Each structure stands twice: as C-alpha cells, then as structure tokens.
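Take a look at the structure below.
Every chain is numbered from 1, with letters handed out A, B, ... down the list of sequences. Computed from a predicted structure; not experimentally measured.
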Amino acid sequence: MKPDSAPTPERSDFLREIVAADLVAGRHDSVVTRFPPEPNGYLHIGHAKSICLNFGIAAEFGGRCHLRFDDTNPCKEEQEYIDSIQTDVRWLGFDWAEHLYYASDYFEQLYEWAVHLIKNGKAYVDDLSADDIRTHRGTLTEPGIESPWRERTADENLDLFARMRAGEFPNGSRVLRAKIDMTSGNINFRDPVMYRILHAEHPRTGSTWCIYPSYDFAHGQSDAIEGITHSICTLEFQDHRPLYDWFIENLPVPSTPHQYEFARLNITHTVLSKRVLLRLVNEGHVHGWDDPRMPTLSGIRRRGFPADGIRDFAAMVGVARADSVVEIEMLEHAVRDALNRTALRRFGVLNPLKVVIDNFPEDRVEQVEVPNNPEDESAGTRAVPFARELWIERDDFMEEPAAKFFRLAPGREVRLRSAYFVTCTDVVKDDRGEVIELRCTYDPDTRGGSSPDGRKVKATLHWLSAGHALPAEIRLYDHLFASAHPGSGGRDLFDDLDPASETILTGAFVEPSAADIEIGQTVQFERLGYFCPDSDSSPAALVFNRTLTLKDTWAKLQAQGRHDSL
RNA sequence: UGGGGCGUAGCCAAGCGGUAAGGCAGCGGACUUUGGAUCCGCCAUCCGUAGGUUCGAAUCCUACCGCCCCAGCCA
C-alpha cells in the first residue's frame, strides 16, 4: 500500500478527511464501513443520508460497506422490516454484495466474550430489579451506588449467567452488567447492562436464545468481527464511544474499529423519527409506511421521488457535527432537478373546463406532434389527438383577468401547446352563473403552435381532446406537517399535521399515452408538475400521485397579492 | 449544578494564522411553444460575545453566553 495512494474524493467532510488520513498513514489497508439498521421500522430519508455516507465513502476509497441488521431486541423487530430495508437500500442504488450480516449471527461469540469478561472480574450478574438499577444509577449530577451483587465471585457469575442462558429465570429477574465505575460522570460507565433476559421469539434465531445482548455490548464487537475500520453513527452515541472502546480494549477481538459521529438529518415540515413514524402509521394519520406523504424511502418512492435526486440531496446537505434542520425546499430542489433532466412530458388536466373550437370541423381529429422532453431531444416526440372539443385547465381562464394574468380570457388569443392559437369568443354559463364552457376559434395557419405572420401570444396552455382523454384520479400531496418545525413551541406534534396534505381529485383527465406510464416512472404533466402512477393504479382506473408541482411564478404572485391585501 | 458535543447569511455548509467557497431560499433582469427549464446580476466589512496573542485571527489563548445529547433490562 503506497502511503500516497488514497483516492481524493470530490466531496470532502471531516469523515472523509479522517478516512483519507488513516489510509495515508497506513493505519488501514482499505476502508470498511457498515450501515447498521435495526429492523424495527421502515427506513426514512435520514437513513438515506447515512446510507449514502457509508456506501459512498466505501466506494470513493475503494473499500466496501456491509449491510448489518442490528437485531438485538426481538421485542421490536420483524422480518417485514428486514425485507423492506433491503429493498430500500437497493432502490437507493447501493449494493452490499455478499456482505449481508446480522448481529444475531454473532450471538454465540458475544456470549463467549461475556464469559471472558466475567472470568476477568469485569462483568457480573445483578439480581436488582430494573427499578432498583435505576435508583442505584444516580443522576446526572450525583454518582451512582454499587449493587450489592457487584462482588460475586467469577464462579458464581459464570453459573448464574449460564443459567440465564438456559432459561431458568424469568424476564427482568437478572441482568449481566459490565463492572466499570458507578461514579463516572459518563453514565454509560455506571455498570452498563450487557445482557437482559427476554423470553421472546426472534425473527432469525427463533427461541434459541432467551438472553439478548444490549446495543453497547453488541455493536462494537460486531464491527470488530467484520473488520469495520470506521464505524459511523449519529451524535447521540458520542457518550457511548468510551464504552465502545472499553469493550474493544478488554476483549480479544480480531480488529479495533473506531466510532465517529455526525449530525443526523432533520428536515422542515416533516419528522424523521421511527418512533413518530410508527405512531403516524398505527394511529391512522397516514395510510401506511409507504403513504406518499411519509418521509420513508418507500413513501417517497411511491410519491415519485427518484433515487438519484435523493442521492444528490444527501450530497448537497453535507456532513458535519452541528445540529441542523434542512429546509424541505432543498430536498424538493434536488428532486425537481433530477426529474427535469429525465422525466417525459405528458398532458394532464386536473380541473377540466370544456372548450369548443367553433371553426374546427366536427368529425376531424388531428394528430399533433409534441416533444417528449424539451430538455432532451433524444427523447423524441409523440402524437397527441386534437379535435373540436377540448379540455383545458380551469385555472387557465379568467372571465375578468387579473393584472399580470396572461392566460385565456374573453377576446384573448393564446397558444395551445404544439397545436394552434385559439381565441376565446364566448363564455357559456350555467344557471348559477358558473362558467361551464368556452367557445373559441382557432387559426389554421398556426398549426404546430407558431404563427407565420410572427404574431406572439403571452401564454401557452396544455390541453386534451375531450373525446380521447382518459379519466384519472389524481392525488395531490403537500407537506405532512403544516408547521416548519412540528411540535415546536410546546405544541403537540400531531396537532401540526396538515389535514390538507392529501387532496384527491376525481374529475381529472390525462392524454391517451399516459396509460402506458409504468409504476416507478415519474413524468411531468406540462405546466403542472411531476406525477407518477400510484401502486393503486390500473388500466381500468388510472391513479396518479403528484410528486411535486413545478415552480409556479403565477401562484407565487397570487399568494403575495393575497398577503398584501390582508 | 456531572459528563459529552456544537455555535460562519433566513436554511445547509466550506474555511485548518494571510484578509469569508458553494448550494437552497429570496430579490432584480435576460430568454422562453411549460409563468417550467436555462442564463446573468444582487444577497456576511463579517464568523455567538468580550478580552488577549500576532505584522496579520473565523482560524491560536482566556472568560462568558446560547443551543443539543446522556439518568431504557431501546437502538
């Protein structure tokens, strides 16, 4: 290994600097990281940051990254989560190759190491109840006091620990504790629990075990077994690092991994906490883990966010040690940016308004050629049927146009995208005075959307042939929480849920080719936003989710106007 | 009040003793067959505060202030 052979990644942050320095100094031949989820819930975008970090560093430095399930608490873990986590990591674009591991694979080795500590007088079986252990632990400012069982002989401890494993004792009756320092300022050193009795069915080991190692006793040793060089976790584990190191130093482990911490991701208008997400699901605030409003990877996937947009976002927010809350606009920017490059353009009308072109022959249907993606000529074009009766967007017409509104209005000429210029000649209303139809004329010389005489129009509208359009249900999504910082200011988090975060539109139409969009593909309905077929969609009943709107200057002007008039 | 961290623009975030990158948001303008996209310009005399060291400090030292995490047999 040449000291100067460490690759220099384009991105840099304090972790990459540490890795690069370790490689240059020859402390490691290659870097090995790991992403260690507990299978007790679905992965969310905060995990995506960690996944991109761990797999990203490994890839950039020519190392490898393991996927390891931290499955040491059978009470909360399920196979469903193990499966979804693998699906999500792959979807994000990462590959652990053959390096799929489970902390539960190491239970026997961990048990032997616990015995090793007992023999060295560094661990003991404690008969205190959970409550007593808590009171003996002291407080943040007062030292703890030692358990009366702390000085048992190694033989007695060995016997008791073996019987714990054998299932002789009920849950909670005893624990194995590391014997460190009940007066330490670091509470993790006040004889932390290494094993607890849990007569529970484990998703992988079934009923083989009835004692389970704690996180602190399992994590570092699992890292050591796998030869992890850089064990990257979030800030709240900083206080655990001395304990992590203590176990590594006091056990005959095959390698000496080191732990590094970074600030977890927070995003405005949402919540990245498995505990809260579980409640949202269980209490029915959303339709499930993959509800398109959820920040879970399965949720944003269903919503239509592309994996590369998420990866771009992770790179954009960076990695540091300061607590931070990223504005959700940054995520949305990354998603729009990714989608703008690749999404095919289609026509869809959310709130249809009938338009009749009076001077267009009644039985004529023209096939208009429309570009699939103006950003990418190689995406080609498609034919969209044009006829006498059309749908346009209700918002694209104002009988009495406001200032700066330059779409359709009585007497006004606009362009129907890629088709013709049309002029509104009449407005048809129902008994209640509501506009139900527009009569227009078209200029046959403007076929394709431009005028031979060079005259300009101020607006271009999307449209659909009423006789050819396909009905569709369209689900509009907005931020799950109305507040930028849910639960701040002493409010109940759940009171900040936005009841309008999901709006179902049933009267919408899409162009015929939209029926061919596959699940997993996100397209742009021109001028509206990005949409994707929902998993509920079928050829007989099309359902689209709105991924994100396009940036909308007009909507912003309107919002400002509303604001100014207050 | 014990221990561990963190404070650079509205939000992220570079910066590692030589005179404040970049992105998001915002604001102007150009262009436009998506009011999209794209392009151009503006946006910290200042780095939590106060002292000190130095020719020179966001970077070093001291004190103070503020915020976050830790008292699960969760991870």
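Phosphate proximity of B:C27 to A:Gln560: present, with a side-chain N or O under 4.0 Å from OP1 or OP2. Considering only side-chain N and O atoms, A:Arg177 lies nowhere under 4.0 angstrom from the phosphate OP1 or OP2 of B:C73. Between A:Ser324 and B:A13 there is a side-chain polar atom (N or O) within less than 4.0 angstrom of OP1 or OP2. Contact annotation: A:Arg196 reaches the phosphate of B:C74 (side-chain N/O to OP1 or OP2, under 4.0 Å). OP1 or OP2 of B:A25 has not a single side-chain nitrogen or oxygen of A:Lys556 nearer than 4.0 Å. Side-chain N/O atoms of A:Lys551 include one lying less than 4.0 angstrom from OP1 or OP2 on B:A37. OP1 or OP2 of B:G36 sits under 4.0 Å from a side-chain N or O of A:Thr553. For B:G35, one of the phosphate oxygens OP1 or OP2 lies less than 4.0 angstrom from a side-chain nitrogen or oxygen of A:Arg527. Neither OP1 nor OP2 of B:U34 sits under 4.0 Å from any side-chain N or O of A:His462. Here A:Thr72 reaches the OP1 or OP2 of B:A75: one of its side-chain N or O atoms lies under 4.0 Å away. Between B:G5 and A:Arg321, no contact under 4.0 Å exists linking OP1 or OP2 to a side-chain N or O.
Interface remark: the A:Glu327 side chain does form a donor-acceptor pair with the B:G10 base, using a distance-only criterion of under 3.5 Å. In terms of polar N and O atoms assigned as donor or acceptor, the side chain of A:Arg336 never comes within less than 3.5 Å of the base of B:G36 in a complementary pairing. Judged by distance alone, with hydrogens and angles left aside, A:Glu375 brings a side-chain donor or acceptor within reach of the base of B:G36, the pair sitting under 3.5 Å. Put simply, the side chain of A:His240 and the base of B:A75 share a donor and an acceptor less than 3.5 Å apart. Under 3.5 Å, the side chain of A:Glu261 and the base of B:C6 form no donor-acceptor pair of N or O atoms.
Using N1 to N3 plus N6-O4 or O6-N4 for Watson-Crick, or N1-O2 and O6-N3 for G-U wobble, each under 3.5 Å, B:G66 pairs with B:C6. Base pairing analysis places B:A58 opposite nothing; no Watson-Crick or G-U wobble pair with both distances below 3.5 Å involves it. Nucleotide B:G41 is matched to B:C27 when pairs are restricted to Watson-Crick or G-U wobble geometry with both distances under 3.5 angstrom. The partner of B:C16 cannot be assigned: no Watson-Crick or G-U wobble pair with both contacts below 3.5 Å exists in any strand. When both pairing distances are held under 3.5 Å, B:A21 makes no Watson-Crick or G-U pair with any nucleotide shown. Pair check for B:C74 finds none; no Watson-Crick or G-U wobble contact set falls under 3.5 Å.
A distance of about 24 Å separates the C1' atoms of B:U49 and B:A14, rounded to the whole Å. Separation of the C1' atoms belonging to B:C70 and B:U8 is 28 Å when rounded to the nearest angstrom. Look at the C1' atom in both B:C47 and B:A13: the space between them is 13 Å, to the nearest Å. For B:G5 and B:A37, the P atoms lie 44 Å apart once the distance is rounded to whole Å. Comparing the same atom, P, in B:C16 and in B:C12 gives a spacing of 22 Å after rounding to whole Å.
For the pair A:Arg196 and A:Tyr212, the NZ or CZ position fails the cation-pi test of under 6.0 Å to the six-membered ring centre and within 45 degrees of the ring normal. A cation-pi arrangement, defined by a distance under 6.0 Å to the six-membered ring centre and an angle within 45 degrees of its axis, is absent between A:Arg177 and A:Tyr124.
Comparing B:G5, B:C73, B:U33 against the side chain of A:Arg241 picks out B:G5 as the nearest. Taking the side chain of A:Val193 as heavy atoms from C-beta on, and the options B:C73, B:U1, B:A25, the nearest nucleotide is B:C73. Of the candidates B:C24, B:U33, B:C69, the closest approach to any side-chain atom of A:Glu329 belongs to B:C24. With B:G35, B:A75, B:A37 as the candidates, the nucleotide lying closest to the side chain of A:Glu38 is B:A75. Set against B:C24, B:G36, B:A75, the side chain of A:Ser214 has B:A75 as its closest nucleotide.
Among the protein residues, A:Arg137 comes within range of the sugar-phosphate backbone only, with heavy atoms under 4.0 Å from sugar or phosphate atoms but none that close to a base. Residue A:Phe189 is classed as having no contact, given no heavy-atom separation below 4.0 Å to the nucleic acid. Residue A:Ala322 is classed as a sugar-phosphate contact, given heavy-atom separations below 4.0 Å to backbone atoms only. Among the atoms of the strands shown, base atoms are found under 4.0 Å from some heavy atom of A:Glu17. Among the atoms of the strands shown, base atoms are found under 4.0 Å from some heavy atom of A:Val175. Within the 4.0 angstrom heavy-atom criterion, base atoms lie near A:Asp239. Counting non-hydrogen atoms under 4.0 angstrom, A:Tyr212 reaches nothing in the nucleic acid. Residue A:Gly318 is classed as having no contact, given no heavy-atom separation below 4.0 Å to the nucleic acid. When heavy atoms are screened at a 4.0 angstrom cut-off, A:Pro374 is found touching base atoms of the nucleic acid. At the heavy-atom level, A:Leu528 lies nowhere under 4.0 Å from the strands shown. Here A:Glu526 lies in heavy-atom contact (under 4.0 Å) with a base. If you check every strand for non-hydrogen atoms under 4.0 Å, A:Ile267 touches nothing. Within the nucleic acid shown, A:Phe405 comes within 4.0 Å of at least one base atom, counting heavy atoms only. Residue A:Thr460 is classed as a sugar-phosphate contact, given heavy-atom separations below 4.0 Å to backbone atoms only.
Below 30°, between 30° and 60°, or above 60°: for A:Phe107 and A:His202 the angle between ring planes is above 60°, a perpendicular geometry. Below 30°, between 30° and 60°, or above 60°: for A:Tyr215 and A:Phe237 the angle between ring planes is between 30° and 60°, a tilted geometry.
The environment of CH2 in A:Trp149 is sparse: at most 12 heavy-atom neighbours from other residues, nucleotides or ligands sit within 6.0 Å.
Nucleotides of RNA chain B nearest to A:Val319 and A:Lys458 differ in position, and the one nearer the 5' end is that of A:Val319. Between A:Val325 and A:Gln524, the one whose closest nucleotide on RNA chain B sits nearer the 5' end is A:Val325.
Looking at every heavy atom in both residues, A:Phe347 comes nearest to A:Glu511 through N-OE1, 2.7 Å. Summarising the geometry of A:Asn188 relative to A:Asp239, their closest heavy-atom pair is ND2-O, 3.1 Å, with the distance given to 0.1 Å.
Separation of the A:His240 and A:Phe247 ring centroids does not fall under the 6.0 Å cut-off.
Remark: the backbone N or O of A:His269 is not paired with any side-chain donor or acceptor of A:His479 at under 3.5 angstrom.
We find that A:Asp126 and A:Arg150 are not joined by a salt bridge, their nearest charged nitrogen and carboxylate oxygen being 4.0 Å or further apart.
For B:G72, the O4'-C1' to base torsion is within 90° of 0; the nucleotide is therefore syn.
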